[in-house]
There are 2 protein chains.
Amino acid sequence: MSVVDGHREPRRAPEGARTRAFEEVLDRIEERIAAGGLTVGDRLPGERQLAEELRVSRSSVREALRALATLGVVSSQAGRGPDAGAVLTSRPDSALTELLRLNLSLSTLTMREVVDTRLMIEQWAAARAAGDGGAALDEMARAVAAMDAAATPEEFVAHDIAFHMALAAASGNRLTSAIMRALRDAVRRYAVDAVRRLGDTADLQADHRRILDAVRARDAEAATAAVAEHLARAYPS
Amino acid sequence: MSVVDGHREPRRAPEGARTRAFEEVLDRIEERIAAGGLTVGDRLPGERQLAEELRVSRSSVREALRALATLGVVSSQAGRGPDAGAVLTSRPDSALTELLRLNLSLSTLTMREVVDTRLMIEQWAAARAAGDGGAALDEMARAVAAMDAAATPEEFVAHDIAFHMALAAASGNRLTSAIMRALRDAVRRYAVDAVRRLGDTADLQADHRRILDAVRARDAEAATAAVAEHLARAYPS
DNA sequence: GGACCAAATATGGTCTGACCATACACCCGC
DNA sequence: GCGGGTGTATGGTCAGACCATATTTGGTCC
C-alpha cells in the first residue's frame, strides 16, 4: 500500500457519527438477533462476508465478535461444515464468572458482598424449592453422598457446588441459577482452601442434610434458616 | 511481505498449548491485575508495547483488550497524556445489561425470570433498608417527587429507576446494586411502554409512598410486602 | 459398489505494516 | 508569561497475506 492511495471513503460522513466501526458491527448483529428471529444454534455469516456486507475491515468484525464471545453469546469454530463459523449460544456463566473474578481482583467487590448475595439467592431458592414439589431432591441427595466419598478438597467442593446448584436450579429461574453458578465458580479457589484448612467436613455435611430434610419436609422456614446457618459456618463474618 | 519469509517462530511449541494468542494476553493482563496490585485508575502499557512484551501481534492484544472492555474492566482513550491509553475501570453494569438484553433477545431468558429476580433483590434490599438506619430515604423521597412532576413516560421511568436504585443501594452491597441496575436498564423500553399504556401512574406512586413509609417506619415486613405488591401491579403474571 | 486416502476449500486465528484521528506536550515567537 | 503551531504518543481502522483446522469432494484401489 503506497502513501497516496485512495482509501475508499473518508469514513467521516457529515452526520457526525461518533461510533467506532466495531460498535456499528455490534449493533447490526444485535439487530439481526433481535429482529431477524435468530436464536441459539443459528450461524452468523463468516467474518469475511460480514466485513464486506457492512463495509468494514475484517479486524473490526473480529473485535465485535470477540465482544459477543466474551458475553457468551457466540462461539466460534474453525474448519468447515455446518458447525463451523460463529454460532449463537448462551453461556452467560463464564462471562459472569470473569466479571466477578476481575472485580474481586480489583477490590471493587469484597468476598462479603459476594457471600451475602449468595445467601440472598440461596435462601430465596430454598424457600421456593420447599414450597414447590422438590424435584431437586434426588440430585441433592446424590451430591451429599458424593461429598461423603470425596477424597480431596477439590472433589468435595465440586460436589458441594453441585448440591447448591441443584438447590438454586429448583427455583426454575435461569437467571438466578446463572448468577449462582458464577458466584461459586468465581470463589472456587477460596472454597477449596477453606475446606482444606477446615480438615473436617462433618459439620458442613450435617448442614447439607438439614437443608435437604427441610426441603423434603416442605418446610420453607426451616430451609432458609438452615441455609443461613450453613453459610455463616462456611464464611464466618 | 513475501511468500517465503521467516515468521519468527512457528508458535507451535511442543508443549501443546491450545490457548489462542489473545487468551494468553488476557491471562497475562489478569495476572498483572491480580498479583501486581493494579487497581482502578491505573494505566496498562500501550497496545504496541504490550504486543512487543508478549511477543504477539497488536491485533491479538487488541482482541484481549476488547474482551476486557466488554466486561467493563478497562476503558480506552486515544490521544496523549495521563488519561490516554487503557485504564482500569469498574463498570460491570453495562456488561450485565448487554448480557441480559441479548439473552432476552435470544429467548434464553424470559421477562418473568428477570422480574422475579428483581423481586428477590428488591425485597431483600427493602428488608435491610428498613432494618438499618435508612440513609436512602432522602433520595427515595426526591425520586417520588420527581415522578410526580414527570411530563413523559421516559422521565417517569428515569426517576422510577432512581427510586428503586436508591432502595437497592441501601443494602450496601455493590454486587446486588449492579445486578439491579442492569435489570432495570435491560428492560427500560418495556417499562416505558408499560407506563405509556397505563396512562395513570397514581397507583404506582401510591405503592412508592407505601414502600417509603415502611422503610421510614423501620418495618421490614411491611416493606417487603409493599415491594411485592408494587411489582405484582407493574408486572402482572 | 464400497472403503479409503488425497486434494480442494471454507472457516477462524494470527501477523505485518501502513494510515487515520485525537489530544496532550513541547517549543517558538511575541 | 502567554498564545499558538507543531511534534508525537496513543487508540482505531484498513488491507493483504499466511497459518491451522475441519469438512467436502473426488479419485483410487479392492
Side-chain angles (χ1 to χ4, degrees), chain A residues 1-14 16-26 29 43-70 74-89, chain B residues 1-14 16-26 29 43-70 74-89:
Chain A
M1 187 159 34
S2 81
V3 175
V4 199
D5 63 347
H7 242 64
R8 291 184 334 204
E9 297 148 62
R11 170 161 291 293
R12 276 295 136 248
R18 284 266 47 61
T19 54
R20 293 172 282 190
F22 86 90
E23 288 176 333
E24 177 72 15
V25 178
L26 213 43
I29 294 178
R43 277 182 55 182
L44 292 175
E47 295 177 358
R48 292 167 179 84
Q49 183 182 339
L50 221 37
E52 193 181 359
E53 285 179 17
L54 303 179
R55 319 267 301 180
V56 296
S57 75
R58 204 181 143 205
S59 325
S60 297
V61 170
R62 281 186 62 78
E63 289 198 22
L65 289 175
R66 184 65 57 217
L68 290 174
T70 302
V74 310
S75 157
S76 293
Q77 193 69 36
R80 197 172 151 158
D83 289 358
V87 178
L88 290 178
T89 60
Chain B
M1 186 161 40
S2 81
V3 175
V4 198
D5 64 347
H7 243 63
R8 291 183 334 209
E9 296 150 61
R11 168 161 297 289
R12 276 297 135 249
R18 284 271 43 60
T19 54
R20 292 172 282 189
F22 86 91
E23 288 176 333
E24 176 72 17
V25 177
L26 215 41
I29 294 179
R43 278 182 56 180
L44 293 175
E47 296 178 357
R48 291 167 179 86
Q49 183 182 340
L50 220 37
E52 192 182 1
E53 284 179 18
L54 303 178
R55 318 268 299 179
V56 297
S57 74
R58 201 182 146 206
S59 329
S60 297
V61 171
R62 280 185 61 79
E63 290 199 22
L65 289 175
R66 185 63 59 216
L68 291 174
T70 301
V74 310
S75 157
S76 293
Q77 194 70 33
R80 201 171 150 159
D83 289 358
V87 178
L88 291 178
T89 60

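Because the structure is predicted, anything quoted here is derived from the model rather than measured. Protein chains get the first letters and strands the later ones, always in sequence-line order, with residue 1 at the start of each.
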Inset, instruction - Return the value, rounded to whole Å, for the distance between atom CZ of Phe22(A) and atom C1' of dT13(D). - result: 12 Å

Legend entry - Whole-Å gap separating P (dT14(C)) and CZ (Arg48(A)): 13 Å

Legend entry - Whole-Å gap separating P (dC14(D)) and CD (Glu52(A)): 14 Å

Legend entry - Distance, rounded to the nearest Å, where Leu68(B) contributes CG and dG11(D) contributes P: 14 Å

Inset, instruction - Using modelled atom types only, decide if a donor and an acceptor are shared between the side chain of Arg48(B) and the backbone of Arg58(B) within a distance under 3.5 Å. - result: no

Legend entry - Nearest-angstrom distance from the residue atom CZ of Arg55(A) to C1' of dT13(D): 15 Å

Inset, instruction - Check the distance between dG13(C)'s P and Arg66(B)'s CZ and give it to me in whole angstrom. - result: 16 Å

Inset, instruction - Can you establish whether the number of heavy atoms outside Gln77(A) located under 6.0 Å from its atom CD is more than 12? - result: no

Inset, instruction - Could you tell me the separation between the CD atom of Glu47(A) and the P atom of dA10(C), rounded to a whole number of Å? - result: 16 Å

Legend entry - Euclidean distance, atom CG of residue Asp83(A) to atom C1' of dT24(D) [Å, nearest integer]: 14 Å

Legend entry - Sugar-phosphate only, base, or nothing, as touched by Ser59(B) at under 4.0 Å among non-hydrogen atoms: base

Legend entry - Residues that Glu24(A) engages under salt bridge (Lys or Arg N to Asp or Glu O under 4.0 Å), provided they are two or more places apart: Arg28(A)

Inset, instruction - Please state whether the base of dG12(D) and the side chain of Arg58(B) form at least one donor-acceptor pair under 3.5 Å? - result: yes

Inset, instruction - Can you figure out which of dT10(D), dG12(C), dT13(D) approaches the side chain of Arg62(B) most closely? - result: dT13(D)

Legend entry - From CZ (Arg66(A)) to OG (Ser59(B)), nearest 0.5 Å: 11.5 Å

Inset, instruction - Look at the side chain of Arg80(A) and the base of dT9(C), then say whether one donor and one acceptor between them are separated by less than 3.5 Å. - result: yes

Legend entry - Touch class at under 4.0 angstrom, heavy-atom based, for Gln77(B) against every strand present: sugar-phosphate

Inset, instruction - Mind checking Gly79(B) for me? I need base, sugar-phosphate or nothing, with any heavy atom below 4.0 Å counting as a touch. - result: base

Legend entry - Neighbour count above 12 (heavy atom, 6.0 Å) for Glu53(B) CD: yes

